[in-house]
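So that the names make sense, note that chain A is the first sequence line, chain B the second, and so on, each numbered from 1. Reckoned from all heavy atoms, side chains included, excluding hydrogens, waters and symmetry mates.
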Amino acid sequence: MPEIAEVETVRRTLRTQIINKKIKKVTVLYEKMVTPNAELFIKELKNKVIIDILRRGKWLIFDLGQDYLFSHLRMEGKFFLKDQQMPIVKHEHVIITFTDNSELRYHDTRKFGRMLLIPKSENIIETITRQGLEPNDQNLTSKYLYAKLRNKSLAIKSILLDQKIISGLGNIYANEVLYASQINPWRRGKDLTLKECQRIIDASNQIIAQAIELGGTTIKSYTSSLGVTGQFQQYLQVHQREKTNCPNCGSVILRAKLNGRSTYYCPKCQKK
DNA sequence: GTTGACACCTGGACGC
DNA sequence: TGCGTCCAGGTGTCAA
């Protein structure tokens, strides 16, 4: 599933492929995926040029001059650049045809992804994405996190998945960050100390930077556009490593549900 | 304001 | 082999 590192990999790949391409035609095969309605989406995208591709958290943002096209890949969204002659395959829901007859195709097995076409205006990116600070942002400090946690009785794992606090962490990296920080996922946010917040910040910065460098994590169905496959899964310490030994202490890694999400942890290194 | 439950979706794994 | 059930999980919405 695409998290911040995977989305950044997609952004970097697409930037080399479609910058300055002009849109000739748009086809929407699953109307619920686009906002505003498909008719307007198709009409407004025609003749636009891809000026740049930005990212905010897990959102991809296509700069089209007067408009932004926001795209969230959710669980299994992928972009592929293909020739117009190639047959449309199952699960390709939005097809953007350029004037050079290449096509950017959005493929999403589970139809969770969403695209929004919105005119540029002040703070529109912040309004749409509603993101907190990203790992490696110099403003993401232990004091920032400590202040955010102060009144939260939610489990720290759930808080790390809240994009309004730290942007870009998903289930995989939340599991890895808490393991690296040696903090139990069920600890309440307000019970964490300033030092523990610093450990979370340090682990987030280190893990996300390494994951981006390695092209993200490829688990099950996820690959980025052009089939670029991430390598970070080789460095996962606990995620999807249930019943294997903890790399640190040798205890057996456990899996449990926390608010419906699979949570992997070492019972010895991450004591309550 | 905070928190938890649920819906959205489909393919794969698993048990019978 | 075929069928039914469960699971994966990011985000928005709604109710308590």
Side-chain angles (χ1 to χ4, degrees), chain A residues 1-11 28-36 55-61 70-79 88-94 106-116 118 125-132 134-135 147-178 185-192 204 208 211 216-224 230 232-233 236 238-243 254-265:
Chain A
M1 57 301 292
E3 298 190 21
I4 188 170
E6 289 74 26
V7 177
E8 178 61 16
T9 301
V10 172
R11 186 189 77 84
V28 176
L29 299 171
Y30 182 63
E31 297 199 2
K32 284 174 70 176
M33 195 158 275
V34 301
T35 302
R55 182 187 58 75
R56 188 78 177 93
K58 299 175 192 174
W59 285 88
L60 278 173
I61 305 163
F70 293 84
S71 172
H72 199 299
L73 305 176
R74 295 281 181 95
M75 298 300 298
E76 299 198 6
K78 311 174 191 71
F79 280 106
I88 293 168
V89 301
K90 194 178 180 183
H91 305 309
E92 287 180 345
H93 304 301
V94 179
Y106 180 72
H107 181 289
D108 192 338
T109 313
R110 283 148 89 170
K111 297 181 175 173
F112 276 10
R114 292 292 178 263
M115 290 186 188
L116 295 82
I118 308 224
I125 292 180
E126 282 67 31
T127 303
I128 295 296
T129 60
R130 294 190 290 175
Q131 302 290 294
E134 291 191 10
K148 293 285 185 185
L149 299 184
R150 203 168 48 194
N151 298 319
K152 298 269 187 195
S153 54
L154 265 180
I156 181 62
K157 166 84 183 293
S158 298
I159 296 171
L160 290 184
L161 292 175
D162 184 348
Q163 303 301 299
K164 294 188 290 297
I165 295 175
I166 297 181
S167 164
L169 291 182
N171 198 43
I172 299 172
Y173 296 125
N175 283 330
E176 292 298 315
V177 164
L178 288 173
W186 282 265
R187 290 270 305 281
R188 295 190 301 180
K190 64 183 181 183
D191 292 340
L192 265 64
S204 300
I208 295 301
T217 309
T218 304
I219 288 180
K220 291 184 180 175
S221 62
Y222 178 76
T223 55
S224 73
F232 190 70
Q233 71 274 17
L236 294 175
V238 287
H239 188 82
Q240 290 199 343
R241 289 179 57 85
E242 183 189 13
K243 296 178 183 172
L254 302 180
R255 179 174 77 118
K257 290 276 188 182
L258 197 164
N259 284 355
R261 304 291 161 86
S262 283
T263 300
Y264 299 85
Y265 66 103

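- Contact detail for A:P135 and A:I208: the closest heavy-atom pair is CG-CG1, 3.7 Å.
- In terms of polar N and O atoms assigned as donor or acceptor, the side chain of A:R110 never comes within less than 3.5 Å of the base of B:dG11 in a complementary pairing.
- Nearest-nucleotide positions on DNA chain C for A:R261 and A:R255 put A:R255 closer to the 5' end.
- Across all strands, A:K164 comes closer than 4.0 Å to no nucleic acid atom at all (heavy-atom distances).
- One can place CE of A:M75 at 6 Å from C1' of C:dG10, the figure rounded to the nearest angstrom.
- Atom CG of A:L258 is separated from atom P of B:dA5 by 11 Å (rounded to the nearest Å).
- Side chains of A:K157 and A:N175: a donor on one and an acceptor on the other come within 3.5 Å.
- Between A:E31 atom CD and B:dC8 atom P the separation is 18 Å, expressed in whole Å.
- Checked against the 6.0 Å centroid threshold, A:Y264 and A:H239 count as a close aromatic pair.
- Closest non-hydrogen pair, A:G57 versus A:V7, comes out as O-CG1, 4.4 Å.
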Worksheet item: Going through the distances and angles, do A:R255 and A:S262 end up as a side chain to side chain donor-acceptor pair (under 3.5 Å)?
Response: CA-CA 7 Å; A:R255 179 174 77 118; A:S262 283; 3.1 Å; yes
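- Between A:N259 and A:Y30, the residue anchored nearer the 5' end of DNA chain B, judged by the nucleotide with its closest heavy atom, is A:N259.
- Distance CE (A:M33) to P (B:dT10): 10 Å, rounded to an integer number of Å.
- Atom P of nucleotide C:dG9 and atom CG of A:D108 are separated by 16 Å, given to the nearest angstrom.
- Contact annotation: A:H91 reaches the phosphate of B:dG11 (side-chain N/O to OP1 or OP2, under 4.0 Å).
- With respect to A:W186, the side chain to side chain contact (heavy atoms under 4.5 Å, CB included) criterion is satisfied by exactly one of A:L178, A:I156, A:T263: A:T263.
- Applying the 5.5 angstrom centroid cut-off and the 30 degree plane-angle cut-off, the aromatic ring of A:F112 is stacked upon the base of B:dC8.
- Between A:K90 and B:dG11 there is a side-chain N or O to OP1 or OP2 distance below 4.0 Å.
- Distances shown here put a side-chain N or O of A:H72 below 4.0 Å from the OP1 or OP2 atom of C:dT11.
- Relative ring orientation between A:W59 and A:H72 is described as perpendicular, the plane-to-plane angle rising above 60° on a 0-90° scale split at 30° and 60°.
- When rounded to the nearest whole Å, the span between CZ of A:R74 and C1' of C:dG12 equals 7 Å.
- Residue A:K111 places none of its side-chain N or O atoms closer than 4.0 Å to OP1 or OP2 of B:dC8.
- A:L116 places its CG atom 10 Å from the P atom of C:dG12, with the value rounded to the nearest Å.
- Here C:dT11 presents its P atom at 9 Å from CH2 of A:W59, a figure rounded to the nearest Å.
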Pairs: protein N or O with nucleotides 1-3 of chain B N or O, under 3.5 Å:
{"unit_1": "B:dT3", "atom_1": "OP1", "unit_2": "A:S153", "atom_2": "N", "d": "2.8"}
{"unit_1": "B:dT3", "atom_1": "OP1", "unit_2": "A:S153", "atom_2": "OG", "d": "2.6"}
{"unit_1": "B:dT3", "atom_1": "OP1", "unit_2": "A:L154", "atom_2": "N", "d": "3.4"}

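- Ion pair A:E134/A:R55 flagged as a salt bridge, since at least one NZ, NE, NH1 or NH2 atom sits closer than 4.0 Å to an Asp/Glu carboxylate oxygen.
- Between A:Q163 and the phosphate of C:dT11, there is a side-chain N or O to OP1/OP2 separation shorter than 4.0 Å.
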